[in-house]
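Just so you know, these numbers use all the heavy atoms, side chains as well, and skip hydrogens, waters and symmetry mates. Along the sequence shown, residues are numbered consecutively beginning with 1.
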Amino acid sequence: MANKPLNTELLDRAIIFAVKAHAGTERRGKGYPYIVHPLEAVEIVATMTADQELLAAAALHDTVEDTEVTVDQIRAEFGERIAALVADESDTFEAGVPEEDSWHSRKRAAIERLARASHDAKIVALGDKLSNMRAIARDYAVKGDELWNIFHAKDPKDHEWHYRGLADSLRELEDTFAFKEFESLINQVFGAK
């Protein structure tokens with residue numbers, strides 16, 4: 001007896017939408033297409049849930065923050081739940097303030113927002129943050145402290161504060177393999193606490 005096929009229509013549409021939104025963009029300092037990161041976030045989220053809306057939100061998580069796509073467009077195309085999950089995962093930028101100058105306030109707001117977020121939003125966020133931490137760990141192993149020069153915040157202590165704050169906000173997921181890997185990579189890059 002053949003297995004019933006998995007209905008991935010929603011995820012498939014979200015991936016195609018994200019591919020188009022991120023078309024022609026490169027992951028900062030990596031030399032590969034940006035879409036690799038959202039797809040890795042989907043893979044990580046899939047280790048925690050089969051919920052197609054959460055997987056779709058993982059695929060779309062950077063479209064509002066890093067492209068011209070709006071939350072209203074996500075809502076119209078994918079519904080309220082996915083739009084809310086993407087909005088929860090998006091930094092808000094201060095008009096007229098350079099990204100370098102608003103880095104700390106944006107990251108503090110993200111940590112606080114994540115601490116109050118729903119369980120579902122935390123799953124999507126962990127997909128994103130673990131993907132980011134994997135890239136940092138790989139790059140740090142090769143470049144050492146030169147790595148920090150590609151970021152708006154250049155001091156590794158700022159990144160340690162940010163990632164440890166994210167881990168604290170995501171602690172309700174500590175029983176997942178993804179969270180354990182996330183915390184392990186933080187300790188690998190920044191030293192055990």
Yes or no on side chain to side chain contact (heavy atoms under 4.5 Å, CB included) for Val86 and Glu89, after CA distance, side-chain angles and deciding distance?
CA-CA 5 Å; Val86 171; Glu89 187 58 12; 5.7 Å; no

Considering non-hydrogen atoms only, spot the tightest contact between His61 and Ala41 and give its length.
CE1-CB, 3.9 Å

Decide whether a cation-pi geometry holds between Arg27 and Tyr32; the criteria are a distance under 6.0 Å from NZ or CZ to the six-membered ring centre and an angle within 45° of the ring axis.
no

Approximate separation, where rounding is to 0.5 Å, of Glu181 CD and Thr47 OG1:
8.5 Å

Is there a continuous path of hydrophobic side-chain contacts, each under 4.5 Å between heavy atoms, that joins Ile74 to Val19?
no

Got a salt bridge between Glu112 and Arg106, using NZ or NE/NH1/NH2 to carboxylate O under 4.0 Å?
no

Listing, residues 5-15 side-chain donor-acceptor contacts under 3.5 Å, not counting sequence neighbours, or none:
from	atom 1	to	atom 2	distance (Å)
Asn7	OD1	Glu9	N	3.0
Thr8	OG1	Asp12	OD1	3.3
Thr8	OG1	Asp12	OD2	3.0
Glu9	OE2	Arg13	NE	2.7
Arg13	NH1	Glu77	O	3.2

Where is the tightest heavy-atom contact between Arg164 and Ala192, given as atom of each residue plus distance?
NH2-C, 4.4 Å

Check: Phe179 and Lys122 side chains under 4.5 Å, non-hydrogen atoms:
no

Verify the cluster assignment for Ile123 and Leu55: are they in a single hydrophobic cluster under the rule of side-chain heavy atoms below 4.5 Å apart?
yes

Heavy-atom distance under 4.5 Å between the side chains of Asp66 and Thr25, does that happen here?
no

Pairwise side-chain contact, Val45 with Val42, heavy-atom cut-off 4.5 Å (strictly under):
no

Just wondering, are more than 12 heavy atoms of other shown residues or ligands nearer than 6.0 Å to CD in Glu80?
yes

Would a hydrophobic clustering, with Ile, Leu, Val, Met, Phe, Trp and Tyr connected at side-chain separations under 4.5 Å, put Val36 with Leu185?
no

Donor on one side chain, acceptor on other, Ser90 and Glu65, under 3.5 Å:
no

Shortest non-hydrogen separation from Lys129 to Tyr163 and the atoms involved:
O-CE2, 4.1 Å

Between atom CG of Leu147 and atom NZ of Lys154, what is the distance when rounded to the nearest 0.5 Å?
10.5 Å

Side chains of His152 and His104: donor-acceptor distance under 3.5 Å anywhere?
no

Does this structure show an ion pair linking Glu174 with Lys180, if we count only N-O contacts that are shorter than 4.0 Å?
no

Under 3.5 Å donor-acceptor, Ser169 side chain and Gly165 backbone
yes

Heavy atoms, side chains only, cut-off 4.5 Å: are His37 and Tyr34 in contact?
yes

Under 3.5 Å donor-acceptor, Lys107 side chain and His162 backbone:
no

Report yes if some heavy atom in the side chain of Glu40 is under 4.5 Å from a heavy atom in the side chain of Leu130; otherwise report no.
no

Step by step, work out the side chain to side chain contact (heavy atoms under 4.5 Å, CB included) result for Asn132 and Asp128.
CA-CA 6 Å; Asn132 290 341; Asp128 171 32; 3.3 Å; yes

Quick check against the 3.5 Å criterion: does Glu26 have a side-chain atom that pairs as donor or acceptor with the backbone of Gly31?
yes

Atom NZ of residue position Lys20 - does it have more than 12 heavy atoms of other residues, nucleotides or ligands inside 6.0 Å?
no

Please say yes or no: joined through hydrophobic side-chain contacts below 4.5 Å, possibly via intermediate residues, are Leu54 and Phe78 part of one cluster?
no

Walk me through it: do Asp51 and Arg81 pass the test salt bridge (charged side-chain N to carboxylate O under 4.0 Å, His left out)?
CA-CA 12 Å; Asp51 185 322; Arg81 183 178 181 219; 2.9 Å; yes

Least distance between heavy atoms, Arg75 atom then Asp72 atom:
NH1-OD1, 2.6 Å

Nearest non-hydrogen partners of Gln188 and Ala137, listed with the distance
NE2-CB, 4.0 Å

Side chains of Arg134 and Ile44 in contact at under 4.5 Å (non-hydrogen atoms)
yes

Give the cluster check for Ile186 versus Leu126: same hydrophobic cluster or not, with ILVMFWY residues linked at side-chain heavy-atom distances below 4.5 Å.
yes

Are Asp158 and Trp148 packed together at the side-chain level, in the sense that at least one heavy-atom pair is separated by less than 4.5 angstrom?
no

Could you report the tightest heavy-atom contact between Arg108 and Trp161, atom names first, then the distance?
N-CH2, 3.7 Å

Hey, mind stepping through Arg171 and Glu183 against salt bridge (charged side-chain N to carboxylate O under 4.0 Å, His left out) and telling me if it holds?
CA-CA 10 Å; Arg171 190 135 329 258; Glu183 197 161 52; 2.9 Å; yes

State the CE-CG distance between Met48 and Asp120, to the nearest 0.5 angstrom.
11.0 Å

Is there a side chain to side chain contact (heavy atoms under 4.5 Å, CB included) between Leu39 and Ile35 once you walk through the steps?
CA-CA 6 Å; Leu39 293 177; Ile35 194 62; 4.1 Å; yes

Under the 3.5 angstrom rule, does the side chain of Thr67 hit a backbone N or O of Val64 as a donor-acceptor pair?
no

Say you draw a straight line from CZ of Phe182 to CZ of Phe177; how long is it, rounded to the nearest 0.5 Å?
14.5 Å

Contact check, side chains of Val69 and Phe17, non-hydrogen atoms, under 4.5 Å:
yes

Go through it in stages, so that I can follow the logic: the residues are Thr63 and Leu60, the test is side chain to side chain contact (heavy atoms under 4.5 Å, CB included), and I'd like the CA-CA distance, side-chain angles, deciding distance and then a yes or no.
CA-CA 5 Å; Thr63 56; Leu60 298 165; 4.1 Å; yes

